[in-house]
Amino acid sequence: MLTTMAESPVKVNLIPIEATSESFADYGQVIEASRDGDHFGPDDAQLDLSRGTPRFYIMRLKDRSFGFSNITHHANVTQCLGSIGGHVWYLGVAKPSLIEDDGGRRAGNVASGSDGHLYAPPSVEEVRVFKVSGPKFVKLNRGTWHAGPLFRDSSMDFYNLELSNTNEVDHTTHDFVKNDGVIFRFEPKEDNTSF
């Protein structure tokens with residue numbers, strides 16, 4: 001469905017899901033504190049930073065309301081995001097749909113990404129929103145569609161691990177208003193501002 005300028009997009013209300021290792025497994029990992037001295041294992045972030053120079057930095061975001069119409073993926077890198085101080089935040093997501101990863105399940109609807117990779121656009125029905133609270137971070141699998149971080153405060157700081165040029169050369173965006181005629185909204189669950 002394509003929306004014209006005269007039409008208003010349909011509002012799709014999402015219900016936030018608490019991000020846990022189990023609930024977030026289709027999109028990546030939720031990483032929580034482990035004991036010092038533990039050996040590397042499956043509960044550690046399983047990273048793919050092999051296609052460039054890693055960049056670990058603190059990003060300050062401002063005015064991120066509880067709604068979105070654009071969703072982005074990175075085909076060449078896993079990405080880690082977490083709030084400084086364990087504040088509550090939200091992330092809209094859809095499953096990765098890189099053609100190399102999905103077994104051709106949507107072979108009829110193929111698009112080309114920012115760096116020439118092939119993907120199937122995310123569907124409205126597959127979009128979810130997760131609540132991330134406390135001292136943990138999320139690792140997004142390569143190709144996971146994401147919108148956010150989104151939060152209540154006027155600004156919030158996040159640490160971010162990706163590649164040094166991710167936002168210049170590996171940033172594919174799907175516009176749900178233009179392509180599907182919808183915007184996503186959600187009401188935040190009761191939050192504690194920090195842990």
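Numbers for residues simply follow the sequence, beginning at 1. Values in this document were obtained by computation on a predicted structure and should not be read as measured data.
- Considering all non-hydrogen atoms of both residues, Ile71 and Pro122 come closest at CG2-CG, 4.0 Å.
- Note on ring orientation: taking the six-membered ring where Trp is involved, the planes of Phe24 and Tyr27 are tilted (angle from 30° to 60°).
- Summarising the geometry, atom OG belonging to Ser83 is positioned 9.5 Å from atom CG belonging to Asp157; distances are rounded to the nearest 0.5 Å.
- A perpendicular orientation is assigned to the rings of Phe137 and Tyr159, their planes being inclined by more than 60° (bins at 30° and 60°).
- Heavy-atom minimum distance, Asn167 versus His74: OD1-CE1, 4.0 Å.
- Side-chain contact between Val12 and Val124 is present, with heavy atoms from C-beta onward closer than 4.5 Å.
- By the criterion of side-chain heavy atoms lying less than 4.5 angstrom apart, applied directly or through intervening Ile, Leu, Val, Met, Phe, Trp or Tyr residues, Val169 is not grouped with Leu49; the two fall into different hydrophobic clusters.
- Between Tyr90 and Phe186, the angle of the ring planes lies from 30° to 60°, which puts this pair in the tilted group.
- For the atom pair Thr173 OG1 and His73 NE2, the distance stands at 9.0 Å (nearest 0.5 Å).
- Closest approach of Phe151 to Lys62, counting heavy atoms only: CZ-N, 4.2 Å.
- Note: Glu22 CD to Ile17 CD1 = 13.0 Å, rounded to the nearest 0.5 Å.
- Heavy atoms only, all atoms of each residue included: Asn76 and Asp170 are closest at N-OD2, 2.8 Å.
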request  = Carefully, step by step, assess His174 and Asn179 under the rule side-chain contact (heavy atoms from CB on, under 4.5 Å).
outcome  = CA-CA 8 Å; His174 179 80; Asn179 295 295; 3.6 Å; yes

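- The closest donor-acceptor contact from the side chain of Asn165 to the backbone of Glu168 lies at 3.5 Å or more, if one exists at all.
- Contact annotation: the side chain of Val77 approaches that of Leu163 to within less than 4.5 Å [non-hydrogen atoms, C-beta and beyond].
- Taking each heavy atom of Gln29 and Pro42 in turn, the nearest pair found is NE2-O, 3.3 Å.
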| request: Kindly determine whether Arg185 and Phe68 satisfy side-chain contact (heavy atoms from CB on, under 4.5 Å), including the steps that lead there. | output: CA-CA 7 Å; Arg185 298 271 181 232; Phe68 58 94; over 6 Å; no

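- In this model, a donor atom of one side chain and an acceptor atom of the other lie less than 3.5 Å apart for Trp145 and Ser97.
- Distance check: Asp180 CG to Ser123 OG gives 8.5 Å after rounding to the nearest 0.5 Å.
- Looking at Gln79 and His146, their side chains do bring a donor and an acceptor atom within 3.5 Å of each other.
- Hydrophobic clustering (ILVMFWY, side-chain heavy atoms < 4.5 Å, transitive): Leu61 and Val138 are in one cluster.
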_Arg64 vs Arg152, test: side-chain contact (heavy atoms from CB on, under 4.5 Å). Steps then yes/no._
CA-CA 7 Å; Arg64 298 294 183 105; Arg152 182 185 307 276; over 6 Å; no

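- Between the side chain of Asp44 and the main chain of Gly41, a donor-acceptor pair closer than 3.5 Å is present.
- Under the 3.5 Å distance criterion, with hydrogens and angles disregarded, no donor-acceptor pair is assigned to the side chains of Ser23 and Glu18.
- Across Cys80 and Lys139, no two heavy atoms sit closer than the pair SG-CG, 3.6 Å.
- Note that CG of Leu91 and CH2 of Trp89 are 5.0 Å apart. Values are rounded to the nearest 0.5 Å.
- Distance check: Leu98 CG to Glu100 CD gives 5.5 Å after rounding to the nearest 0.5 Å.
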